[in-house]
Every structure is written in structure tokens, then in C-alpha cells.
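Report on one structure; see the data block that follows.
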There are 2 protein chains.
Amino acid sequence: MTTKTKAKSAQALPLNTILSGDCIEVMNSLPEASVDLIFADPPYNLQLKGELHRPDNSQVDAVDDAWDQFSSFAAYDKFTTEWLRAARRLLKPNGAIWVIGSYHNIFRVGASLQNEGFWILNDVVWRKSNPMPNFRGKRLTNAHETMIWASKEEGGKYTFNYEALKSLNEGIQMRSDWVLPICTGHERLKDANGDKAHPTQKPESLLHRILVGSTNPGDVVLDPFFGTGTTGAVAKMLGRDYIGIEREAAYREVAEKRLAKVRKYDREALQVSQSKRAEPRVPFGQLIERGMLRPGENLYSMNLRHKAKVRADGTLIGDDIKGSIHQVGAALEGAPSCNGWTYWCIKRDGKQVPIDVFRQQIRAEMADRPN
Amino acid sequence: MTTKTKAKSAQALPLNTILSGDCIEVMNSLPEASVDLIFADPPYNLQLKGELHRPDNSQVDAVDDAWDQFSSFAAYDKFTTEWLRAARRLLKPNGAIWVIGSYHNIFRVGASLQNEGFWILNDVVWRKSNPMPNFRGKRLTNAHETMIWASKEEGGKYTFNYEALKSLNEGIQMRSDWVLPICTGHERLKDANGDKAHPTQKPESLLHRILVGSTNPGDVVLDPFFGTGTTGAVAKMLGRDYIGIEREAAYREVAEKRLAKVRKYDREALQVSQSKRAEPRVPFGQLIERGMLRPGENLYSMNLRHKAKVRADGTLIGDDIKGSIHQVGAALEGAPSCNGWTYWCIKRDGKQVPIDVFRQQIRAEMADRPN
DNA sequence: TTCCGTCTTGAATCCAAGC
DNA sequence: AGCTTGGATTCAAGACGGA
């Protein structure tokens, strides 16, 4: 085993190929300090129990694959520490790593990263523009995943293309929260049956931003949990070299086909990375949370014929009618609908102040620093 | 010390006061299972070396940087584990905790939470609408902080006011990413010199959303790192009881003054939108007992594709299937479940009348004559 | 061809009361 | 404690089909 490792170390890196096998073993067989960036999407250890149905009775296709099952936190920690150690050995001194996860695993991954000597640069939140809702109404919509960006060690001269990310963000400094859609439509790879080829395929837009921001053309990017090869595909488009490691033959096959089709600097694919921006929706509740209105305060219709009291959750109560500013307005007017923003005002210093001015105020703040 | 602890345990909770001292000691002196919610904003400086025990690892040289780093992490982990354990002891079985942190400490906090038996419900991102920019352009703008919401244990029946949070968000399910401004302006407390009284004062909007969403009026909320008392201030406004613990006299003083000025919202304003689950259950059989439906009468599915006959005991029979309104509906639709109240209707005067209107009628009567 | 309504789907730790 | 039963619960996109 040692002989084999030594022999391989002398060899050149297997660039732009997908290696098969357990990622820890494979990584240990590659020459140390040879990789510029690692992107890793390890199993999340979701610990799902029963089935879950949508309100329309359809069943959610859960991630129940064997590769996501661990017997305990300790087992998961051991796995995490081992692959992180192997990954760190492969990194050049100025190399860096990105790891993505959810609340199920990311805290353990982050702690292991720190324990192993990585130096966290940022945690980055991928805010999904179209997440799956919480169907039972028992928790908050799980609308984001967390990525950790870390250098190999404290003081490492990691790559950060500040200006490139700034221009991706319309001239404003890129923030630690990125709004991007999940991977759907034609980008989502299907198997022979027409089912999704991989349960957790990441969007190319995410990798695009990561690779533009933290690698240069010609850099070597390694992905130890290659899956269907999103990292490789984006790396190839952007003129970076990739190395993929994947245990499952089915995923490797899909990834090979995908990569064969990818062209460097694919214009169309880069378009995907730009997220749309619409007029931000301002919930009325924000006016209460931000202290612009106080629970218990009265709102008046602009014609002063009706009034209603603001409650702590942003609903109104007036004459036995409870509901949103729109619902209560409509009910009081006997109208099918009502724009509460223009219907209601408050009295300040004897004057009527339409509540819409508060919304405009919040929108103005948001416009200062979009996205 | 033990005597004091025992004596205190027998006492009533020191509600709506700020306790001075080390939070671990103070928490251990309070009676167990007495608190509904804990909000914690722990310090994350890793400069705890020397104060606490070093890890038992004799073969590593003391001047090794990696060892220093590990030592520092180990000390922080020890501190975290201890205060979390004390906090968990204080929680009622159905209690919950919120902890806020940044990438410096949140991964260690999250892992400790899991190790100590808390059950993570969501991680929530506070996305700052006005963060401080990264001046040196070496990293992404650190524009968010992370909060972890966890129940005392797996299966705990934590409080979650789903409808209230949905209302705060204009009728759309609340997500795990919250856009709120940082604490500035008149809300930001100043000391005698006009400098900020506390370096990391949290905005009241953040606590408003947390307390509306995960507590009820009258609940006891504890904050072991009270600082300038944002948790207490919002708790008081919202008609919750608070207990603060703070080590620094200067912060306690600022907090006391602040809390003295806070007014509670009026009772009506504290009522929030309720889930349908909170409404009293009405057995279908009541509709027959009260003569709203006659045995032998036909019910029709809303799409008129199925029908079933009402029996005297409140069960249905249709196409060989017998059972409750829910069971028969589910069986006819081949669905895993079915809400019979919204599935079935009767025909009166040629019109379809959903049977749910009868349930609402009964509930209205119950509200008129409670108990 | 375009528009509009319907159907499908996504890393999910997703129920609670009563017997 | 464990089982049974009632009945509450979803948002944004893209695909697809019919007008």
C-alpha cells in the first residue's frame, strides 16, 4: 500500500478525469500539495424517519440513499475528519476548500475543519429562490444551505478575485449570502427512466460563482464527492482543470457523458448564473418588527370611516374582523379585494400618514444594497 | 454553595429581573424544568486559553501553533458544553433554545447542541440589510449571522406559531432566511460618553420575530448573556416574562434603565393568528345527533365523482367501504389520507353545500356558550 | 405561435389527541 | 407506552397540453 502510494505520488496528476473508489483512499493515493481548490458536497446525514406527503397527497421523493446513512454522530464525525485530513494533504499551501451542507451536518463539518487546521474565511449562505416548502407547517421553510470557505491554514494566500465577484454583483461588493435557484429544468440530469439521475445535484450557477471567485484559469479543482459532475462541468467551461472522485458507477457514467458535451466558455451556461431581481416584496409585518408601527396602534382608512388595531403578528383586528391589511380593508368596504398599502393610514401629529410611506422607506434601504 | 442552590431551587423563579454573576453558576442555582424558551448570544472570542484546562495531549509541543489553536478551541468547547448543559437543565420538556453566532463560533455551538441532546429544528440566517462592508476586499462581505433553533430533545412539543409568522410574512410561509437591519439609530444604546453601550446589541426586530414565533404570552424566556437586555425588552413588550443573567455591572445598569421604560402592548394586540389545529374538534356524529344531517342521506364528493350514505352512528357506507368520513374519502381517492370535512358535501336546493359549514356552525355555538 | 391553466417537483431530521 | 384515528398542511418554476 505504501509502495503504491509512493509510486503514484511520483506520477502526474490525473487531470480532467473521474476516479472511481472511496474518496479517502483515492485522495491518499494522489501526490500531496498538488491541488488549488477543493469543492466538497459530502453526505448530509439527513436522518429522515417516515414518509412525507404534500397537502395534495403526493409523496415527497426523499433522499434515502445508502450513502447518506450513518449510525451515529460519532461515525459521521470520524468520516468527516478522515476525508478532511486527506483533502488538506492534497492542497497546495495557498489552497482553499469549499464545503456545502445543511443544519444536519454543517456544524460538525465546520468544527472538524477548524480542528484539522483549516482557517475559515467566510461562511456563505445559498438562499434558494425556490425551496421546497414545509408541508406540515411545523417549522420554518428550510430555504438555504450553508457553505464554508476555508484556506488550508491561517495566513495562507488564498485566491480571491474580488473585482470579478463585484462585477458579477452589478458593481457592489459580493456578500456572504447568495440568492440562486435550485437545479431544475433542462439542467437537471435524468436517468434512463426519466427520473432524476442524482438526488442532490447542485446548480451550475453556484459553482460558477465559487470558481470565478476563488480560482484562476489553469488551476486544479478537486471534487471528492463528484456525483454527476457539476464541479467538473463548470471548471471545464471556465478553463480550470478538474479531478473528480466518485464511488457510484451510475453517477460516474452520467458525469462522463455530461462532461463530454461541455465546451469551454459556454456563453449560454454563464447566463444561468445571473439571478433575476424583482421589486422586493415588503411584508406589512416588517413595519411592526422594525418598530415603525406599534402593536395596539390604530390604523385608519384614508377616508377615516374605518379603523382597525394592529396586532403583534402583523394582522389587524377591527369590528370582529381579523386578517391582513388587505383582508380587513376589503371586508370593511364590502369589496372583493383591497390594497391595504394604499387603503390605510396612521395619524401622526394630527396628520394622516399613509402606511405606504413606510414600505417605500424599507424599499429604499434595500435598493441601496441590492442582493 | 450546595445549600444555597437547594434553597433557591425551592423558591419561585426570579421573574423579570436581571441576575448578576457567571451564567453557568446562576443557571445551576435555578430550579430545573422551569423555563419555556432560552435565547442566547454567547461570546465567541477564543481568547480563553489559560483560564481553562488544557486538553490531555502530552506529546504535542506547547509552542506548536496548531496545538495552541486546538487548545483554544477545546477551551471554547468546554465553556460551550457547560453553559448548554446548564441551560438544558432549566428547560421544560417542551422547551426550546435559540443561539446566535457567526462562523467563528457557530459550528462549535451547533455541534455541542447536538452532542448535548438538543434537537435542531432549523438554522436561521439573519441576513443583514445594512452590514459593514469588507474594507480590504480580501473576503466576501460578512453580511449575515446564523441562529440555531433547537428543542430540548427529539420529539419535544416545541411552540411554533406557524400562522402568526405566516401573517408577519404577508401570508407566505416564513422562511429560514430573515432580512432585517442591524441595530442602529435611536434603538442603539449609548453609554455616558456617547459610545455604543454594547458592541453587539441585537435589533429588537430579531427578537420580536423569535418570540412571536416560538413563545406564547405568559411564557418564561431566559437570556444567559443578557447584555443590554434586548431579549427582556421585547419579552416585556410582548407580555412574556423574562430572566436575564449578566456578568458585567455596566451592561446590567443600561439594561435596567432600558427595561424600566418599556411598555407592554395591550392584550388584544398580543393575540396572534391561530392555526385551525387550535380549534375544538367536532365529531361528525354531532351533525346527525343535531339533525343537521339525516341517516340515509347521501354525501357527495366535491367533484361529484363519488357518493356515500350516512349511517346513524356517524359512519359512511359507499361502494362496499365503511368507515369515517375521512377513511371513506381516502379509500375512494386511493389517497394516504383525506380530510372528510372538506371532501364531502350535500345537495340542498340543487346546490352543493360543504359539510364543513355545519362544523363551523357548531363551533360558533360553542364559542357563544363556552364550556 | 402564443397564451394560459394545470400538473409536477425539490437535501425534509414535517402531527397530535385519544384510547 | 403503543396503537389508532382525525384531519391539517405548500411555494416557486418549469413542463406540458389545449385553445
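Reckoned from all heavy atoms, side chains included, excluding hydrogens, waters and symmetry mates. First the proteins, then the strands, lettered A, B, ... as listed; each starts at 1.
Within the nucleic acid shown, Asp64(A) has no heavy atom closer than 4.0 Å to any nucleic acid atom. Among the atoms of the strands shown, none is found under 4.0 Å from any heavy atom of Pro203(A). As judged by a 4.0 angstrom heavy-atom cut-off over every strand, Thr184(A) is placed among residues touching the sugar-phosphate backbone only. Note on Pro131(A): a base of the nucleic acid sits closer than 4.0 angstrom, heavy atoms only. Residue Gly50(A) is classed as a base contact, given a heavy-atom separation below 4.0 Å to a base. Using a 4.0 Å heavy-atom cutoff across all strands shown, Asp68(A) reaches at least one base atom of the nucleic acid. Using a 4.0 Å heavy-atom criterion, one finds that Ser129(A) contacts the sugar-phosphate atoms exclusively. Looking at heavy-atom distances under 4.0 Å, Lys166(B) makes contact with sugar-phosphate atoms alone, never a base. No contact: Cys183(A) has no heavy atom under 4.0 Å from any strand. Backbone-only engagement by Lys276(B) is indicated by non-hydrogen atom pairs under 4.0 Å involving sugar-phosphate atoms exclusively.
Rounded to a whole Å, the OH atom of Tyr343(B) is 20 Å from the P atom of dT9(D). Going from atom CG of Leu46(A) over to atom P of dA11(C) covers 11 Å, rounded to whole Å. Atom CH2 in Trp341(B) sits about 9 Å away from atom P in dA8(D), given to the nearest Å. Atom-to-atom, CD1 of Ile120(B) to P of dC14(C) comes out at 13 Å; the value is rounded to the nearest Å. Rounded to a whole Å, the OH atom of Tyr162(B) is 13 Å from the P atom of dC15(C). Across the protein-nucleic acid pair, Asn57(A) atom CG and dC7(C) atom C1' stand 15 Å apart, rounded to whole Å. When rounded to the nearest whole Å, the span between CE of Met132(A) and P of dA13(D) equals 16 Å. Straight-line distance from the NE2 atom of His53(A) to the C1' atom of dT9(D): 13 Å, rounded to whole Å.
For dA11(C), there is no paired base (Watson-Crick or G-U wobble, both distances below 3.5 Å). The pairing partner recorded for dG7(D) is none, the criterion being a Watson-Crick or G-U wobble arrangement whose two distances lie under 3.5 angstrom. Pairing partner, dT6(C): dA15(D), with both Watson-Crick or wobble hydrogen-bond distances short of 3.5 Å.
With 3.5 Å as the limit, one finds a donor-acceptor pair spanning the side chains of Ser214(B) and Trp98(B). In the model, Glu145(A) has no side-chain atom that pairs as donor or acceptor with a side-chain atom of Ser102(A) under 3.5 Å.
No hydrogens or angles were tested; on distance alone, nothing pairs the side chain of Ser275(B) with the base of dA8(D) as donor and acceptor under 3.5 Å. A donor and an acceptor atom never sit less than 3.5 Å apart when one is taken from the side chain of Lys128(A) and the other from the base of dA11(C). Put simply, the side chain of Arg54(A) and the base of dG10(C) share a donor and an acceptor less than 3.5 Å apart.
Checking the phosphate oxygens (OP1, OP2) of dA11(C), a side-chain nitrogen or oxygen of Arg188(A) falls inside 4.0 Å. Between Lys196(A) and dA11(C), a side-chain N or O to OP1/OP2 separation shorter than 4.0 Å is absent. Under 4.0 angstrom from either OP1 or OP2 of dA8(D) there lies at least one side-chain N or O belonging to Arg359(B). Under 4.0 angstrom from either OP1 or OP2 of dA8(D) there lies at least one side-chain N or O belonging to Asn339(B).
Comparing dT10(D), dA12(C), dA11(C) against the side chain of Thr200(A) picks out dA11(C) as the nearest. Comparing dA12(C), dT9(D), dG10(C) by their closest approach to the side chain of Asp61(A) singles out dG10(C). For Glu163(B), taking side-chain heavy atoms from C-beta onward, the closest of the listed nucleotides dA11(C), dT9(D), dT9(C) is dT9(D). Proximity note for Ile172(B) (side chain, C-beta onward) versus dA11(C), dC15(C), dA12(D): the nearest is dA12(D). Which of dG7(D), dC14(C), dA12(C) sits closest to the side chain of Asn134(A) comes down to dC14(C).
The ring of Trp149(B) has its center closer than 6.0 angstrom to the ring center of Phe160(B). Taking the six-membered ring where the residue is Trp, the centroids of Tyr158(B) and Trp119(B) are separated by 6.0 Å or more.
How far CG of Asp313(A) is from CD of Gln271(B): 10.0 Å, rounded to the nearest 0.5 Å. Going from atom CE of Met174(B) over to atom CG of Leu140(A) covers 7.5 Å, rounded to the nearest 0.5 Å.
A cation-pi arrangement is present between Arg209(A) and Trp178(A) under the rule of less than 6.0 angstrom and at most 45 degrees off the ring axis.
When the C1' atom is compared between dC14(C) and dG10(C), the two are found 15 Å apart, to the nearest whole Å. For dG18(D) and dT1(C), the C1' atoms lie 13 Å apart once the distance is rounded to whole Å. If you take atom C1' in dA11(C) and the same atom in dG6(D), they sit 31 Å apart, rounded to whole Å. Rounded to the nearest Å, the gap between the P atom of dT9(D) and that of dT8(C) is 23 Å.
Between the side chain of Arg175(B) and the backbone N or O of Pro133(A), no donor-acceptor pair lies under 3.5 Å. Counting only distance, with no hydrogens or angles, the side chain of Glu116(B) and the backbone of Leu113(B) share no donor-acceptor pair below 3.5 Å. Judged purely by atom type and a 3.5 angstrom limit, Asn94(B) has no side-chain atom pairing as donor or acceptor with the backbone of Gly156(B). Judged by distance alone, the side chain of Asn169(B) and the main-chain N or O of Gly171(B) form no donor-acceptor pair under 3.5 Å.
Listed in residue order, the members of residues 313-329 of chain B having a heavy atom less than 4.0 Å from DNA chain D are Ser324(B), His326(B), Gln327(B).
Nearest-nucleotide positions on DNA chain C place Gln114(B) closer to the 5' end than the other of Arg277(B) and Gln114(B).
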